[in-house]
Amino acid sequence: MDAGLDTTPRTEYPAAGLQPRADTQAAEFVRKYPEYDGRGVVVAVLDTGIDAGAKGLQTTSTGQRKVVDYVDCTGAGDVGLQDVEATDNTVRGASGRTLRLNAAWTNPTGVWRVGSKRLYDLVPADVRARMVAERDGRFSKRAAAVRDAARAGSGEESEARAAAAAALEAAYVDGGSVVDCVVFHDGSQWRAALDTDGSGDLTQAEALGAYKRTGDVGLLSRRQLFYYTLNFYDEGRTLSIVTCAGSHGTHVAGIVAAWHADDAAACGVAPGAQLVSLTIGDHRAGSMETGTGLARAAAAIVEHGARVANMSYGEPSATPNAGQWVQAVAQEVVRRHGCAFVASAGNEGPALTTLGAPGGTTSGIISVGAYVGLEQMAAEYGMYARVRDGVFTWSSRGPTADGARGVDVYAPGSAVTSFPAYTRERRHLSNGTSMSAPSLSGVLALLASAWLRELPDARLTPHRLRAAVTRTAKPISDAHGAGLVQTDAAWQFLKAQAARAAEDVAYSVRVDDTRGMRGIYLRNAEDSARVRFFKVAVAPVFPTAADARLEDDADGSRGQQESQAQFDFEQRVLLVARAPWLAVPESLYVGSAGAPFSVRVDATQLEPGRLHTASIDAYDSRNVDRGPIFSVPVTVTKPLDVGAAAAADLGTLSFGPADIVRRFIAVPRGATSVEIVVRTPNTLPQDAAPALFYVHCVQLVPDTRFKRHHVRQRIDLGHKSYGAEGGASEQKHVVTLAVVGGATLEVCLAQFWSQLDRHDLHVRMSFAGLVP
């Protein structure tokens, strides 16, 4: 052993990285302002549901109930009820089973209602699989006994019995047990008891009330540690059994607000905040969200007065910033009821324009990308050497298909935190923008908590919060300028701008001659072949109040206030173009009806094949130091012409950890496929680490989801395919993709963020096709 080698283990685990809060200033903010830890703020979690038995999600830092309500927005747990008569303290259950009631229950009305639900319809797939395995084991033992009995004796009769037993066993399908439910009114509230073991014996059962009122929690399966809560609708004619559709929502909730009195490092970002669990993942659809569930969730956000809502759900969309539900969220939840709505950007990167909906594509919703920092590497990923901090390779990138920036801000995209009891894991490591969104939601809860303490009489709009976290973010490696959220810096921004009513006003941006795009996005060859001129229309978007509706504003005073604010509004704007190939006017007067201005874009001299980004930033001439009040993103992906050869050699590209190289190629007219050949020479030293790469290719076709024309392939480079002394001369990987002629193809190559050492790749591509 080397005499100079220190083999003493460190004295403590780097636990701060399990729930990463240092890089975002959140941990220091709570230490600095211990009473601003989210208390007084309710965060809605739209997800698979929060497990009622999860550690860290029972109480807040002040001892309040952590989850104020559990709501199944999908209806998957709904049980229709019917009235029945009780005889000798028994009723006939909806399953046909006789149910013996608890004599201690109080039912002054004498009305009993019953219903039933298949147990398998209430549990997620992993719990159902364990239940099925256990029941199959019991059935197999019984079936074996039947087979043995059938084989007793000899002759044709015995053989027939054995064949019949085997046929019955083969045809058996386990539908699971049926849970009978008994509902009654105790004179104060509705209550229900569930026959979870199928015995029909409820004589010792506890009848639970609605969780929001009572805090009652039950175990649907003791063996599986699977918990449930209840709600009652339609004057007690519908029972809602609320359970988790998966583990995702519990993990998200733990990042937002977990509280561990004995383990400060394990606490969530805002341990003083309360939560409302809104289950949008439907058991019947593999935990997918449905339109009905989303609509009910939006209503529940308003009902529970949530100041922040988190949705770590989404999928690609063919039409950004469109749809009835997202518009309802933007107008009702955000603008009218003042709830800051946060959503994950997606995990479909690293190519551009790979954002999910609603998070990365919708105005009014704050989109969050995934960041990885040094404290996460130390605690979560078992790396023997560190790499630079930055964006997770797989995090989706902007801009949106209609030119908006897409990712507003970044937050840590991994955590080890609370997990459902039924998984038999106290805490779990997960990563994704599903984790970065709740990290930001926790930060917003901290800021709202601070505002409520220091400025209780002032209005805190979602736009103020959004501006604070985006304008003060720490720059990281994002092509469009989005940065890592900084909690204390955002708080100082909020305080500095607190007296300025203009901070409540957002702005809509529309590029009038490009199908109403929200930014300038020149992607195809014809877009940048000549100087382009655009007219950009900017309009203020004023906040409104829930009590300003005509039916709620009897004397017109609220409407008068809002009308007066719009009448008084004016902005004398200074415009700045952030690239020499952009030209804009120096100033613009914006009244309440908005104003247009002209933009000249000369991309003709930009380098082909590369990404070029800029922005047009607008400043309040009376408050320039505040930073831009709105920005117009400008993205140019000027494609490389492959010529008559229909092929391109991108040369040898060099990569280190997290490095990304993008090239944009003009796909020839008539081409229908492309073959991309990636070679790596055997020139690495034998002690160099192997590496994982992404080859990600995307074409954008109008009104089509990006995944219709994309491929993302992982390739491994390393010594496993080389001989000890070099062996094979190279490694070769081939990626193929069907293409659309005339549409620019992005070829994006990325060394995975955690992969060490430098690697070289040689990339060549060729197109083929049939022209009718």
Side-chain angles (χ1 to χ4, degrees), residues 39-47 49-54 57-60 62-81 83 101-102 104-115 117 122 179 181-196 202 204-220 226-244 249-250 253 257 259 272-280 293 296-307 309 337 339:
R39 60 192 68 178
V41 176
V42 174
V43 179
V45 177
L46 289 73
D47 216 288
I50 302 172
D51 178 39
L57 297 175
Q58 301 304 309
T59 64
T60 69
T62 58
Q64 292 180 292
R65 192 189 300 165
K66 173 61 70 176
V67 181
V68 298
D69 200 5
Y70 295 88
V71 182
D72 175 14
C73 301
T74 72
D78 286 1
V79 181
L81 304 172
D83 292 359
L101 309 180
N102 188 333
W105 293 344
T106 300
N107 181 4
T109 66
V111 175
W112 300 95
R113 291 174 179 166
V114 298
K117 196 76 173 178
L122 295 170
V179 178
C181 312
V182 176
V183 174
F184 63 94
H185 199 281
D186 69 359
S188 175
Q189 62 180 307
W190 291 101
R191 291 188 175 273
L194 274 56
D195 181 19
T196 56
L202 299 175
Q204 302 300 315
E206 180 183 2
L208 307 185
Y211 174 88
K212 182 178 180 180
R213 182 169 179 178
T214 65
D216 290 344
V217 175
L219 270 169
L220 198 59
F226 193 72
Y227 291 86
Y228 71 93
T229 59
L230 300 177
N231 278 309
F232 302 87
Y233 302 111
D234 307 323
E235 297 182 347
R237 295 198 174 274
T238 301
L239 169 67
S240 175
I241 304 173
V242 187
T243 60
C244 287
T250 302
W259 164 246
Q274 292 183 292
L275 306 171
V276 55
S277 174
L278 304 179
T279 302
I280 60 171
R296 290 174 176 173
I301 292 169
V302 173
E303 176 189 345
H304 290 83
R307 286 189 172 269
H337 290 277
C339 176

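By convention here, the first residue in the shown sequence is residue 1.
Look at Asp69 and Arg213 and you find no salt bridge, because none of the NZ, NE, NH1 or NH2 atoms lies under 4.0 Å from a carboxylate O.
Taken to the nearest 0.5 Å, the CD atom of Gln274 stands 12.5 Å off from the CG atom of Leu57. Here Tyr70 contributes atom OH and Asp51 contributes atom CG; the two are 7.0 Å apart, rounded to the nearest 0.5 Å. Taking CG of Leu194 as the start and CG of Leu239 as the end, the distance is 6.5 Å to the nearest 0.5 Å. Rounding to the nearest 0.5 Å gives a distance of 8.5 Å between CZ of Phe232 and CG of Leu81. The CH2 atom of Trp259 sits 14.0 Å away from the CD atom of Gln58 when rounded to the nearest 0.5 Å.
Counting only heavy atoms from C-beta outward, the side chains of Asn102 and Leu202 never approach each other to under 4.5 Å. Contact check for Leu230 versus Ile241: side-chain heavy atoms found under the 4.5 Å cut-off. Side chains of Thr243 and Tyr228 form a contact here, defined as non-hydrogen atoms less than 4.5 Å apart. Contact check for Phe184 versus Thr109: no side-chain heavy atoms found under the 4.5 Å cut-off.
In this structure, the salt bridge (charged side-chain N to carboxylate O under 4.0 Å, His left out) partners of Lys212, at least two apart in sequence or on a different chain, are Glu303. For the side chain to side chain contact (heavy atoms under 4.5 Å, CB included) test, residues two or more places apart in sequence or in another chain that qualify with Ala257 are Lys66, Ala273, Leu275. With sequence neighbours excluded, no residue satisfies salt bridge (charged side-chain N to carboxylate O under 4.0 Å, His left out) with Arg65.
The closest side-chain donor-acceptor pair between Thr74 and Asp72 falls under 3.5 angstrom.
By the 6.0 Å contact criterion, CZ on Arg307 is open, its count of non-hydrogen atoms from other residues, nucleotides or ligands being 12 or less.
Heavy-atom minimum distance, Leu122 versus Gly77: CD2-CA, 3.9 Å. Counting all heavy atoms, side chain and backbone alike, Gly218 lies closest to Leu208 at N-CD1, 3.7 Å. The heavy-atom pair separating Asn107 from Val111 by the smallest distance is ND2-O, 3.1 Å. Of all the heavy atoms in Trp105 and Val182, the pair that sits closest is CZ3-CG1, 4.5 Å. Contact between Ala309 and Ile301 at its shortest, heavy atoms only, is CB-CD1, 3.9 Å. When all heavy atoms of Val67 and Tyr211 are compared, the pair lying nearest together is O-OH, 2.7 Å.
Using a distance-only test at 3.5 Å, with no hydrogens or angles considered, no donor-acceptor pair links the side chain of Arg191 to the main chain of Asp186.
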Problem set entry | Full working for side chain to side chain contact (heavy atoms under 4.5 Å, CB included) between Ser240 and Asp78 | CA-CA 4 Å; Ser240 175; Asp78 286 1; 3.7 Å; yes
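Applying the side-chain contact (heavy atoms from CB on, under 4.5 Å) test between Tyr227 and each of Val242, Leu220, Leu219 identifies Leu219 as the sole match.
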